[in-house]
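Comments concern the structure below.
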2 protein chains.
Amino acid sequence: MNKDKSTEEKIKDAARRVFTQKGYAATRTRDIAEASGVNLALLNYYFKSKENLFDIIMLENIREFSHSVLAILNNRDTSFYQKIELLAAHYIDKLIQNPEIPIFLLAEVKDNPKKLFAALDKRADFKNSIFVQQWLELKDIKKTAALNPFHIIMNMVSMIIFPFIANPMIRNRTGMNQEQFNNMMLERKKLIPVWITEMIQQK
Amino acid sequence: MNKDKSTEEKIKDAARRVFTQKGYAATRTRDIAEASGVNLALLNYYFKSKENLFDIIMLENIREFSHSVLAILNNRDTSFYQKIELLAAHYIDKLIQNPEIPIFLLAEVKDNPKKLFAALDKRADFKNSIFVQQWLELKDIKKTAALNPFHIIMNMVSMIIFPFIANPMIRNRTGMNQEQFNNMMLERKKLIPVWITEMIQQK
DNA sequence: AAAATATTTAATCATTTGATTAAATCAAAT
DNA sequence: ATTTGATTTAATCAAATGATTAAATATTTT
C-alpha cells in the first residue's frame, strides 16, 4: 500500500514527455508505457484511460503555468517595470528548458478549449492583477499612451513565446543552430523590456 | 479524361479544412471523404494515401505562404517602412480570414521538419531580401540601432501571428469575443509598424 | 448508340490501438 | 513463512482506421 510512488510518477513523467512531443492524437499509450519502462497493463491499471492520464498532465501543466505568471503579476513589492523584466527573464529561461510546451499547450487548447479552461483558476484574471493596477497608475501620473493594455501584454507575450513556437521555421530560414537561437533568446531578456517601455512612452 | 477537375479540387479543399482544423494525426480519411461529399474509395483512388494527400496540401500551403512574404520583401518599389506596413496589413487581413493556419503549420513543421522544408524555396532566404538590404542602408545613413535585424523581423512576425495562435487562450483570459478580438487585430495593423519603427530608432 | 471514363457502392482486409483479463512473479509487511 | 499488495506477462477484445477490390451505375466522349 505504501508504495514507492515512483511508479506512478514515472508514468506521469513519461506521459508528459510523450504527449508534449507528439500531441494527444499522435501519442500511443504503448509509447508512454515503453517510455516509462512500465507495462501497458499497469498504465491502464493506474490511470484507467489515455484521456484521463492526459487530463491529469494537462491540469498540472496549466496550473503550473498559471501560477507562475500570477506570482509575478501580483507581487506588491515589484514595480511595473520590474515585472516586465521579471516576466521576460523568467519565461525565456523556462522556455529554453522546455521549448515545446507552448505549441503543445496552445494546440491542445484549440482542440478542446472548454475542458482545459475549466482547469484555470478564475482568479488568474489578469484584468484585476496588480500589474494592470500599476499600469493604470502610470497612465495617470506619467501620461503614457492611451493604449489598450492588452496590446502591451500581447506584445510582450508574443515576443517571448512566439520564437519558440516558430523555432524550426526560424532556424531553417536563418541558418541558425540551436545554440545561436538560444543565445538570441537570451539577448531578448534585456531587449524586450526596453522595447515594451518604448511602446508605452508617449511620443 | 478531361474531367470536371472539381472532384479532385473538392477533395483537396475538404482535406485542407479538416487537416487544418484537426491536425494530421487526428484526421480520419473518412472525415475528409465525408467533408468533400465524396466516397472514401474515390479519395484513395485519386490520392493513393492519407500521407500523400497531406503532403500535397502542405506543399501548397507552404508555397503560398512563402510566395506572399517574398512578394512583399523583395519589391523594389516600396520603401523599408512601407514594407513593414504592408506586411502587417496583409498578414493580419489574411489571418483574420484563416486563423488556424499558423498553429497547424507550425505544429506539423515541428513534427516533421525535414519533409516540409524540402518544399521551401531556397531563394526565399530572407537574408538576401531587398528588405534586409534596405535595412542595412538605413542603418548606415540614419545610424539606427546596431540591432540584429532578426530581432526586428521576429518581433514583427511575433506580434502579428502569435495572437492568432493564442486566440482561445486570450479570449478566455480577457473575456473578449471573436469580434472584439478581430477589431483588436485590425487596430494592430496601424500600431505594429509604429512600434517597430520605435524599436529601430536610436535612442 | 457504343465505348470509354469517372464515380459510387458495399464488402472486406490487415493493422493499429485503447483497453481488459487472468495468471504468474516479485516485494514488502506482519 | 505467510499473507498482502504491487507489478509483470501474455493473451485477447473490440473498435477504429487506412486501404483495396470488384461489381454496379452514371457521365462524358467518340
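In what follows, chains carry the letters A, B, and so on, assigned in the order in which the sequence lines appear, proteins first and then strands, with residues in each chain numbered from 1. The basis for the numbers below is simple: all heavy atoms, side chains too, and nothing from hydrogens, waters or symmetry mates.
- The salt bridge (charged side-chain N to carboxylate O under 4.0 Å, His left out) check on A:K48 picks up nothing, with sequence neighbours excluded.
- Considering B:R17, B:R16, B:K10 in turn, B:R16 is the only one that fulfils the salt bridge (charged side-chain N to carboxylate O under 4.0 Å, His left out) rule with B:D13.
- Here the P atom of nucleotide D:dT25 and the OH atom of B:Y45 are 19 Å apart, to the nearest Å.
- Distance B:I11 CD1 to C:dT8 C1': 12 Å, rounded to the nearest Å.
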Item checked: Canonical and wobble pairing (Watson-Crick, G-U, under 3.5 Å) of DNA chain C, dot-bracket with | -> ||||||||||||||||||||||||||||||
Could you pull out all donor-acceptor pairs under 3.5 Å where a side-chain atom in residues 99-114 of chain A meets a protein atom, sequence neighbours excluded?
| residue | atom | partner | partner atom | Å |
| --- | --- | --- | --- | --- |
| A:E108 | OE2 | A:Y24 | N | 2.8 |
| A:K110 | NZ | B:T20 | O | 3.4 |
| A:K110 | NZ | B:Q21 | O | 3.1 |

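- When rounded to the nearest whole Å, the span between CD of A:E9 and P of D:dA6 equals 16 Å.
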Notebook entry, point to check: Once each nucleotide of nucleotides 9-17 of chain D is scored for protein heavy atoms under 4.0 Å, what B/S/- sequence comes out, 5' to 3'?
Noted result: BB------B
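- Whole-Å rounding puts the B:L43 CG to D:dT20 P distance at 11 Å.
- With sequence neighbours left out, the side-chain hydrogen bond (donor to acceptor under 3.5 Å, both in side chains) criterion links A:D55 to A:K115.
- Every residue two or more places apart in sequence or in another chain that forms a side-chain contact (heavy atoms from CB on, under 4.5 Å) with B:A26 is listed here: A:A25, B:K22.
- Between B:L53 atom CG and D:dG18 atom C1' the separation is 13 Å, expressed in whole Å.
- Annotation: ring pair (Phe, Tyr, Trp, His ring centres under 6.0 Å) contacts of B:F47 (sequence neighbours excluded): none.
- With sequence neighbours excluded, no residue forms a salt bridge (charged side-chain N to carboxylate O under 4.0 Å, His left out) with A:R188.
- Atom CD of A:E51 is separated from atom P of C:dG18 by 12 Å (rounded to the nearest Å).
- Scored by the salt bridge (charged side-chain N to carboxylate O under 4.0 Å, His left out) test, B:E34 finds no partners at all (sequence neighbours excluded).
- Atoms CD1 (B:I32) and P (D:dG18) sit 8 Å apart, rounded to a whole Å.
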